[in-house]
**Student:** 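After the structure tokens below, expect a handful of questions from me.
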Protein chains: 2
Amino acid sequence: MTPQKKSSRTPRDSGPRKNPAPAAKPSGLQAELRQTKSFSSLHAEAFLNLVRTSAQMQHALHLKLKPYGITETQYNSLRILRGAGPHGLTCAEIGERLVSRDPDITRLLGRLEREGLVRRERGAKDRRVVLTRITGAGLDRLKETDPVVNSTVHGLLAHLSQAELKTLIDLLERARRMAAPLK
Amino acid sequence: MTPQKKSSRTPRDSGPRKNPAPAAKPSGLQAELRQTKSFSSLHAEAFLNLVRTSAQMQHALHLKLKPYGITETQYNSLRILRGAGPHGLTCAEIGERLVSRDPDITRLLGRLEREGLVRRERGAKDRRVVLTRITGAGLDRLKETDPVVNSTVHGLLAHLSQAELKTLIDLLERARRMAAPLK
DNA sequence: CGCGATTATCTGTTATAACAAGCATGTCCC
DNA sequence: GGGACATGCTTGTTATAACAGATAATCGCG
């Protein structure tokens, strides 16, 4: 039961805030989000830009992949398995290599197996592990979707110069250093 | 020799690279993902870095917010509602301002209402819309979580200089220009 | 008014994400 | 070589994301 008690406290007015920072430079994201206040710090602004840009691009890619009946994570997994070659990989290894974390590799692979894109098999040496390999159908699916992904990603970033891309990559890698690895 | 040929400034190139030889320039992300092949293009490398960095930072924030019983999107919504003041906002307006898209604002707000953090009410003038306002309890929750979010975000990016942050922000905003707005 | 088109939100349904507990090996150490 | 511990995956459960269709109110126009 939610007490839902009526708060005796009226919502504190958010009226003219007392000048928190020099809002001299109206930021682009601030306008996009129709925010009235300026960001509390450059760190916050960078973080929000990062998350928003990532979300927009992932969404764009998602829309492109949808007609092929495959999600970004599934595509990512297939790429990983193709790269791993015929030996296959364990669930843990796949998890480590995924661009963004998935706490349930088992069912992710289960879905891919149900569609015939991968095949799973208990390890012969260590019977605890399950080795997953990509199938011919999986390779075909990748062959079909690779150009879509490549051209989408390229199209999203084509307006930046090589130098700008390198700077961006460098900054992102350095930014990531303080974030704990996804576990 | 690096595959990074400096062709004339046309960003074309980045054709399929079959070169299985060890990459001359081992990128940081490539090592992180234990990839054997080099990235097919700078665009792909930038995209993957972007998505991964965003995911790691969001995950870090998620872990910090979890003890307070609130998700990132919920926190974002409450911030938006606090910023909007006592007039409240419609579902559509909230959706526009969310940093990352949520296709189901109704139930997102429903969960917040169930916890007493927001209150909803049909618009008097236009009875189609539902105006949502933050409650006292919602403001309290924000007061509790704001320092956590601020310090987390700050901690994640504190090792970058102001100039680097500004460059990063600028590049992200420019990168975003080609991505369709989240809808 | 009344009809159709539009807008804004809600509901139903399915799929996936997240977390926690469980089960089957494998390893180590006495 | 047998029991405690570690490892690797699976299963159960709940919450949330995603999408499509339904519902309700408003607006434009004759």
Side-chain angles (χ1 to χ4, degrees), chain A residues 51 54-56 58-77 88-115 118-133 182-183, chain B residues 51 54-56 58-77 88-115 118-133 182-183:
Chain A
V51 172
S54 174
Q56 283 191 1
Q58 282 189 273
H59 184 59
L61 183 57
H62 174 71
L63 293 181
K64 292 282 189 174
L65 278 179
K66 189 158 59 166
Y68 298 89
I70 196 175
T71 68
E72 299 112 288
T73 305
Q74 289 173 349
Y75 172 79
N76 193 191
S77 307
L89 288 176
T90 67
C91 288
E93 287 170 327
I94 295 171
E96 283 172 8
R97 299 177 198 199
L98 281 172
V99 173
S100 53
R101 167 177 181 272
D102 186 330
D104 191 356
I105 311 287
T106 298
R107 271 175 281 219
L108 169 66
L109 294 177
R111 291 186 281 266
L112 289 175
E113 187 175 38
R114 180 151 35 87
E115 293 193 49
V118 306
R119 194 157 44 83
R120 287 188 289 184
E121 186 176 327
R122 283 262 162 213
K125 191 164 101 61
D126 184 342
R127 291 191 53 71
R128 285 174 306 181
V129 307
V130 169
L131 290 174
T132 304
R133 301 192 207 89
L182 294 170
K183 72 176 171 90
Chain B
V51 172
S54 175
Q56 283 191 2
Q58 281 190 273
H59 184 59
L61 183 58
H62 174 71
L63 293 181
K64 293 281 190 177
L65 279 179
K66 188 158 60 165
Y68 298 89
I70 197 176
T71 69
E72 300 112 288
T73 305
Q74 289 173 348
Y75 172 79
N76 193 189
S77 306
L89 289 177
T90 67
C91 289
E93 288 169 326
I94 295 170
E96 283 171 9
R97 298 176 199 201
L98 281 173
V99 173
S100 52
R101 167 176 178 273
D102 186 329
D104 191 356
I105 311 286
T106 298
R107 272 176 280 219
L108 169 66
L109 294 177
R111 292 186 281 266
L112 289 175
E113 186 175 39
R114 181 153 37 87
E115 294 192 47
V118 307
R119 195 156 45 84
R120 287 189 287 184
E121 188 175 327
R122 282 263 164 214
K125 189 165 101 60
D126 183 342
R127 292 192 52 70
R128 288 172 304 179
V129 307
V130 169
L131 290 174
T132 303
R133 301 191 212 92
L182 294 170
K183 70 174 174 94

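Each chain gets a letter, A, B and so on, in the order the sequences are listed, and its residues count up from 1. Keep in mind that this is a model prediction, so the values were computed, not measured. Basis for what follows: all heavy atoms, side chains included, without hydrogens, waters or symmetry-related copies.
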**Student:** Please give, in whole Å, the distance from dA17(D) P to Gln58(B) CD?
**Tutor:**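 Result: 11 Å.
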**Student:** Is the shortest distance from a Lys or Arg side-chain nitrogen in Glu113(B) or Arg111(B) to a carboxylate oxygen in the other one below 4.0 Å?
**Tutor:** no
**Student:** Can you tell me how far the CD1 atom of Ile70(B) sits from the CG atom of Leu112(B), to the nearest 0.5 Å?
**Tutor:** 7.0 Å
**Student:** Tell me whether Arg120(A) contacts the main-chain N or O of Thr106(A) through its side chain, where contact means a donor paired with an acceptor under 3.5 Å.
**Tutor:**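 Flag set: sc Arg120(A) to bb Thr106(A) pair under 3.5 Å.
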**Student:** Return the value, rounded to whole Å, for the distance between atom CG of Leu98(A) and atom P of dT16(C).
**Tutor:**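 Between P of dT16(C) and CG of Leu98(A): 15 Å.
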**Student:** Between His62(A) and dA15(C), is there a side-chain N or O to OP1/OP2 distance below 4.0 Å?
**Tutor:** no
**Student:** Round to a whole Å and report the spacing from CG of Leu63(B) to P of dC19(C).
**Tutor:** 7 Å
**Student:** Whole Å only: how far is the CD atom of Glu93(B) from the P atom of dT9(C)?
**Tutor:** 8 Å
**Student:** Please tell me which of Lys66(A) and Ile105(A) maps to the more 5' nucleotide of DNA chain D, matching each residue to the nucleotide holding its nearest heavy atom.
**Tutor:**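 Residue closer to the 5' terminus by nearest nucleotide: Ile105(A).
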**Student:** For Gln74(B) and dA18(C), give me the distance from atom CD to atom C1', rounded to whole Å.
**Tutor:** 14 Å
**Student:** Rounded to the nearest angstrom, tell me the gap between atom CD1 in Ile94(A) and atom C1' in dT10(D).
**Tutor:** 15 Å
**Student:** Drop me the distance from Asp102(A)'s CG to Ile94(A)'s CD1, to the nearest 0.5 angstrom.
**Tutor:** 10.5 Å
**Student:** Could you check whether Arg111(B) gets within reach of a base, just the sugar-phosphate, or nothing at all, counting any heavy atom under 4.0 Å?
**Tutor:**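 Here Arg111(B) touches the backbone only, sparing every base.
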**Student:** Expressed in angstrom and rounded to an integer, what is the separation of Arg107(B) atom CZ from dG12(C) atom C1'?
**Tutor:** 7 Å
**Student:** Are there more than 12 heavy atoms of other residues, nucleotides or ligands under 6.0 Å from atom CZ of Arg119(A)?
**Tutor:** no
**Student:** Rounded to the nearest Å, what distance is computed from the CG atom of residue Asp104(B) to the P atom of nucleotide dG21(D)?
**Tutor:**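 The answer, rounded to whole Å, is 16 Å.
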**Student:** Quick one: which of His62(A), Lys64(A), His59(A) gives a side chain to side chain donor-acceptor pair (under 3.5 Å) with Glu72(A)?
**Tutor:** His62(A)
**Student:** So which protein nitrogen or oxygen atoms get under 3.5 Å of nucleotides 4-8 of chain D's nitrogens or oxygens?
**Tutor:**
unit_1	atom_1	unit_2	atom_2	d
dT7(D)	O4'	Arg128(A)	NH1	3.3
dT7(D)	O2	Arg128(A)	NH1	3.4

**Student:** Considering only dG12(C), dT9(C), dA17(C), which nucleotide approaches the side chain of Arg122(B) most closely?
**Tutor:** dT9(C)
**Student:** Would you indicate which nucleotide in dC19(D), dA17(C), dT11(D) comes nearest to any side-chain atom of Arg101(B)?
**Tutor:**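 Shortest atom-to-atom distance from the side chain points to dC19(D).
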**Student:** Which comes earlier along DNA chain C counting from the 5' end, the contact point of Lys125(A) or that of Thr71(A), where each point is its nearest nucleotide?
**Tutor:**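 Result: Thr71(A).
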**Student:** From the list dC19(C), dC10(C), dT25(C), which nucleotide is the closest neighbour of the side chain of Arg127(A)?
**Tutor:**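 For Arg127(A), the side-chain atoms sit closest to dT25(C).
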**Student:** Are the side chain of Arg122(A) and the backbone of Arg128(A) linked by a donor-acceptor contact shorter than 3.5 Å?
**Tutor:**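 Between the backbone of Arg128(A) and the side chain of Arg122(A) there is a qualifying donor-acceptor contact (under 3.5 Å).
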